[in-house]
Amino acid sequence: MTPSVDACAVDEKRVTLGCRTISSSQAFGPADDSRTGDQWLDVENPEQVDAVLLIPNDQSSNRRTCAADGEDGGGTHPPESPSRGDQL
């Protein structure tokens with residue numbers, strides 16, 4: 001997997017209206033990836049969008065395991081990607 005970000009549209013209270021994970025392989029359009037890089041961040045009520053937040057989403061496949069990494073009480077556990085209705 002490649003580095004990614006979660007692009008999340010939020011309202012003025014930073015409640016998530018919609019998110020999409022964007023891979024760095026999509027940044028410059030098609031390469032060996034079948035995704036084109038042209039995607040929409042769909043939200044039900046666009047007039048409520050106050051900002052779009054970009055949240056790092058480490059999808060590396062060679063991260064240390066929980067047993068090998070004692071930081072943070074048991075290793076690296078990236079949070080789940082935000083869902084609609086989550087407050088960021």
Side-chain angles (χ1 to χ4, degrees):
M1 299 298 282
T2 60
S4 301
V5 295
D6 290 319
C8 296
V10 296
D11 66 11
E12 61 186 21
K13 294 182 180 178
R14 292 181 59 144
V15 174
T16 306
L17 302 172
C19 287
R20 177 174 296 278
T21 300
I22 302 169
S23 170
S24 63
S25 67
Q26 297 171 272
F28 301 105
D32 293 334
D33 196 332
S34 61
R35 297 170 286 186
T36 65
D38 294 331
Q39 295 187 14
W40 293 96
L41 180 56
D42 296 325
V43 295
E44 195 169 303
N45 298 303
E47 68 279 358
Q48 293 179 346
V49 175
D50 186 61
V52 174
L53 304 179
L54 300 178
I55 304 164
N57 182 338
D58 184 2
Q59 297 186 8
S60 304
S61 59
N62 59 351
R63 289 191 313 238
R64 294 181 289 177
T65 65
C66 291
D69 181 12
E71 293 180 9
D72 301 324
T76 55
H77 296 284
E80 295 291 322
S81 293
S83 298
R84 189 171 169 206
D86 289 347
Q87 187 168 17
L88 302 177

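Residue numbers count from 1 along this sequence.
With values rounded to the nearest 0.5 angstrom, Leu54 atom CG is found 10.5 Å from Cys19 atom SG. Once rounded to the nearest 0.5 Å, the distance linking CD of Gln87 with CG of Asp11 reads 8.0 Å.
In plain terms, the two heavy atoms of Val52 and Ala7 that are nearest each other are CG1-CB, 4.4 Å. Scanning all heavy atoms of the two residues, the minimum distance from Pro82 to Ile55 falls at CG-CD1, 3.9 Å. For Ser4 against Thr21, the heavy-atom pair with the smallest separation is CB-CG2, 4.0 Å. Nearest approach of Cys8 to Leu41, heavy atoms of both residues: C-CD2, 4.3 Å.
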For this session: Go through Asn45 and Leu17 one step at a time and tell me if the side-chain contact (heavy atoms from CB on, under 4.5 Å) criterion holds.
Result: CA-CA 8 Å; Asn45 298 303; Leu17 302 172; over 6 Å; no

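No single ILVMFWY cluster, assembled from side-chain heavy atoms under 4.5 Å apart, contains both Val43 and Val15.
A search for side chain to side chain donor-acceptor pair (under 3.5 Å) contacts involving Glu44 returns Arg84, not counting sequence neighbours.
Side-chain contact between Val5 and Asn57 is absent, with no heavy atoms from C-beta onward closer than 4.5 Å. Counting heavy atoms from C-beta on, the side chains of Leu53 and Arg14 come closer than 4.5 Å.
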